[in-house]
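Here is the naming used below: chain letters follow the sequence lines, and residue numbers restart at 1 for every chain. A quick note: this is a predicted structure, and the numbers were derived from the prediction, not measured.
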There are 2 protein chains.
Amino acid sequence: MSGTRWLDDQEQRAWRAFIRMHGRLTARLNRQLQADSGLSLADYEVLVQLTDAPDGRLRPFELQRDLQWEQSRLSHHLTRMQRRGLVAREECDEDGRGALIALTDEGRRAIVAAAPGHVETVRRLFFEGLTRDQLATLRQVSDEVLARLDTGADLGG
Amino acid sequence: MSGTRWLDDQEQRAWRAFIRMHGRLTARLNRQLQADSGLSLADYEVLVQLTDAPDGRLRPFELQRDLQWEQSRLSHHLTRMQRRGLVAREECDEDGRGALIALTDEGRRAIVAAAPGHVETVRRLFFEGLTRDQLATLRQVSDEVLARLDTGADLGG
DNA sequence: TCGAGGTAGATGATGCATCATCTAGGCCGC
DNA sequence: GCGGCCTAGATGATGCATCATCTACCTCGA
């Protein structure tokens with residue numbers, strides 16, 4: 001409690017650069033996607049998962065696991081996407097509590113139209129300036145932090 | 001337009017890990033901060049800037065430059081923080097259009113109380129598992145991407 | 001077979017982020 | 001000294017994220 005170990009200079013700079021980079025990058029990606037195809041980054045991620053699923057159908061809890069979203073966020077988001085006709089809710093035979101989220105034709109059309117521009121933007125703004133080594137390190141770092149987030153789930157913060 | 005260069009396996013994994021890591025990390029930081037001190041991460045960042053300022057006062061456009069937030073987001077956020085008594089709006093003598101945002105006593109108390117716990121959480125969840133080399137690379141990567149975001153400001157995405 | 005506890009998911013309230021737009025004051029050339 | 005343009009900032013509407021809570025169904029053991 002008393003002797004807080006503050007961040008040193010290198011840590012502080014790395015942290016701020018990282019936070020700002022992510023913020024500005026996703027803001028840009030969001031705007032590009034929104035402007036060019038009317039989808040948000042969040043819509044896009046949901047649609048990707050459904051596209052990858054065998055028959056374009058997933059249980060909400062599967063989506064939740066894959067996207068690592070909060071349950072409530074997912075549920076609200078699906079409601080909005082349903083309203084826009086991008087997905088449909090169906091009953092689930094195997095589990096009476098559950099639902100099935102199905103990609104609609106319109107949803108499929110939307111992501112097929114959106115994907116090339118989005119990938120190009122990600123490539124141009126992010127990957128193009130990075131070496132393979134940097135990429136590998138970024139992945140190590142991400143995995144390490146994700147592991148800490150998992151194990152430290154019970155601790156105070 | 002025709003031959004989209006999709007992400008290869010390494011790129012895809014790095015990208016998803018990065019996005020998920022950031023999302024989960026900030027969610028955790030937000031919750032910790034919120035639970036322990038009633039501040040959001042956004043509140044915290046604003047208060048840090050004001051604390052660093054000579055007399056605890058900054059023009060909104062200075063905050064905007066430092067935080068790299070949208071103007072409108074900042075303005076709305078300051079309104080909410082003002083309502084909660086964390087900052088005050090004052091008139092600006094040098095520029096009749098402008099305002100001055102001042103850290104209140106309550107705002108100062110809030111960040112002084114919040115900082116130790118927040119820094120410890122950042123350290124525990126993020127820095128503790130990383131080497132200095134990884135940190136340096138992370139910073140290089142962030143700066144590189146930030147540079148691309150600046151130069152590519154006019155391009156399509 | 002019934003009741004306790006767990007899981008799947010929806011929902012209302014609230015604060016946050018973004019967009020479009022608006023006001024007001026500064027600046028500069030004529 | 002005024003008309004056009006820029007900059008500083010506020011605001012209303014809308015969609016998004018989170019929290020707390022709720023319902024319905026499943027499961028398993030006594």
Side-chain angles (χ1 to χ4, degrees), chain A residues 19 22-36 38-46 57-84 86-102, chain B residues 19 22-36 38-46 57-84 86-102:
Chain A
I19 295 294
H22 180 279
R24 290 193 50 202
L25 177 59
T26 53
R28 272 289 271 291
L29 293 178
N30 237 316
R31 254 193 290 273
Q32 178 270 325
L33 209 51
Q34 193 69 242
D36 293 359
L39 296 178
S40 71
L41 216 41
D43 298 332
Y44 187 89
E45 290 184 60
V46 170
R57 252 160 260 267
L58 284 173
R59 300 283 300 272
F61 77 87
E62 295 174 306
L63 274 169
Q64 194 189 336
R65 175 173 31 69
D66 296 347
L67 296 172
Q68 307 235 35
W69 283 10
E70 296 221 345
Q71 184 271 319
S72 163
R73 172 187 180 187
L74 178 61
S75 184
H76 280 298
H77 202 92
L78 290 174
T79 300
R80 289 188 296 265
M81 290 181 75
Q82 184 182 20
R83 251 204 308 272
R84 293 191 286 148
L86 298 169
V87 302
R89 271 191 235 254
E90 300 176 353
E91 294 216 347
C92 177
D93 294 336
E94 300 115 53
D95 190 334
R97 298 165 295 185
L100 267 175
I101 305 301
Chain B
I19 295 295
H22 180 279
R24 291 193 49 202
L25 178 59
T26 53
R28 272 288 271 290
L29 293 177
N30 237 314
R31 255 193 290 272
Q32 178 270 326
L33 208 52
Q34 193 69 242
D36 293 358
L39 296 178
S40 69
L41 215 41
D43 298 331
Y44 187 90
E45 289 184 60
V46 170
R57 253 159 260 266
L58 285 174
R59 300 284 300 274
F61 77 88
E62 295 174 307
L63 274 169
Q64 194 189 337
R65 175 173 31 68
D66 296 346
L67 297 172
Q68 307 235 35
W69 283 9
E70 296 221 345
Q71 183 270 319
S72 163
R73 173 186 180 187
L74 179 62
S75 184
H76 282 297
H77 202 93
L78 291 174
T79 300
R80 288 189 296 266
M81 290 181 76
Q82 185 182 17
R83 251 205 308 271
R84 292 192 286 149
L86 298 170
V87 303
R89 272 190 236 253
E90 301 176 351
E91 294 217 348
C92 176
D93 294 336
E94 301 115 52
D95 190 335
R97 301 164 294 183
L100 267 174
I101 304 300

So, is [X] near the phosphate of [N], with a side-chain N or O under 4.0 Å from OP1 or OP2?
| X | N | value |
| --- | --- | --- |
| B:R84 | C:dG15 | no |
| B:R31 | D:dC19 | yes |
| B:R89 | D:dG9 | no |

Closest nucleotide among [options] to the [X] side chain:
| X | options | result |
| --- | --- | --- |
| B:R80 | C:dG15, C:dG9, D:dG9 | C:dG15 |
| A:H77 | D:dC16, D:dT11, C:dG26 | D:dC16 |
| B:S40 | C:dC16, C:dA8, C:dA10 | C:dC16 |
| A:E70 | C:dG9, C:dA17, D:dC19 | D:dC19 |
| B:R73 | D:dC25, C:dT18, D:dC16 | C:dT18 |

request  = Please state whether the rings of B:H22 and A:H22 are parallel, tilted or perpendicular, taking 30° and 60° as the class boundaries.
outcome  =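 B:H22 vs A:H22 ring planes: parallel.
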
Taking atom [atom2] of [N] as reference, at what distance in whole Å does atom [atom1] of [X] sit?
| X | N | atom1 | atom2 | value |
| --- | --- | --- | --- | --- |
| B:Q34 | C:dG15 | CD | P | 10 Å |
| B:E90 | D:dG9 | CD | C1' | 16 Å |
| A:Q64 | C:dT7 | CD | C1' | 11 Å |
| B:E45 | C:dA17 | CD | C1' | 14 Å |
| B:L41 | D:dT18 | CG | C1' | 15 Å |
| B:M81 | C:dC16 | CE | P | 10 Å |
| B:Y44 | C:dG15 | OH | C1' | 21 Å |
| B:R59 | D:dA10 | CZ | P | 10 Å |

ask   = Can you check whether B:H76 stacks with the D:dT11 base, using ring centres under 5.5 Å and planes within 30°?
value =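 A stacking contact exists, since B:H76 sits close and nearly parallel to the base ring of D:dT11.
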
So what does [X] touch, heavy atoms closer than 4.0 Å: a base, only the sugar-phosphate, or nothing?
| X | value |
| --- | --- |
| A:N30 | nothing |
| B:Q71 | base |
| B:R83 | nothing |

query = Starting at the 5' end of DNA chain D, which residue's closest nucleotide do you reach first, B:L100 or B:A27?
reply =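 The residue whose closest nucleotide sits nearer the 5' end is B:L100.
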
inquiry  = For A:D95 and A:L74, find the nucleotide of DNA chain D closest to each by heavy atoms; which residue's nucleotide sits nearer the 5' end?
reply    =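 Mapping each residue to its closest nucleotide by heavy atoms, the 5'-most match is A:L74.
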
query = Hey, which of A:R89, A:E90, A:M81 is the one that makes side-chain contact (heavy atoms from CB on, under 4.5 Å) with A:I101?
reply =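 Answer after filtering A:R89, A:E90, A:M81: A:R89.
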
ask   = What about B:R97, does its side chain sit under 3.5 Å from the base of D:dT7 through a donor-acceptor pair?
value =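 Under the 3.5 Å cut-off, the side chain and the base do form a donor-acceptor pair.
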
query = For A:G98 and A:R59, which heavy atoms make the closest approach, and how far apart are they?
reply =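 Minimum heavy-atom contact is CA-NH2, 3.4 Å.
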
query = For A:A27, does its backbone N or O pair with a side-chain atom of A:N30 as donor and acceptor, under 3.5 Å?
reply =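 It does not hold such a pair.
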
query = So, are B:R73 and B:E45 salt-bridged, with charged N and O less than 4.0 Å apart?
reply =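 No, this pair does not count.
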
message = I'd like to know if the side chain of B:D36 pairs up with that of B:Q32 as donor and acceptor (distance under 3.5 Å, no hydrogens or angles considered).
response =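 Side chains of B:D36 and B:Q32: pair found under 3.5 Å.
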
message = If you assign A:P60 and B:S72 each to the DNA chain C nucleotide with the nearest heavy atom, which residue ends up on the more 5' nucleotide?
response =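 Comparing both residues, the 5'-ward one is A:P60.
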
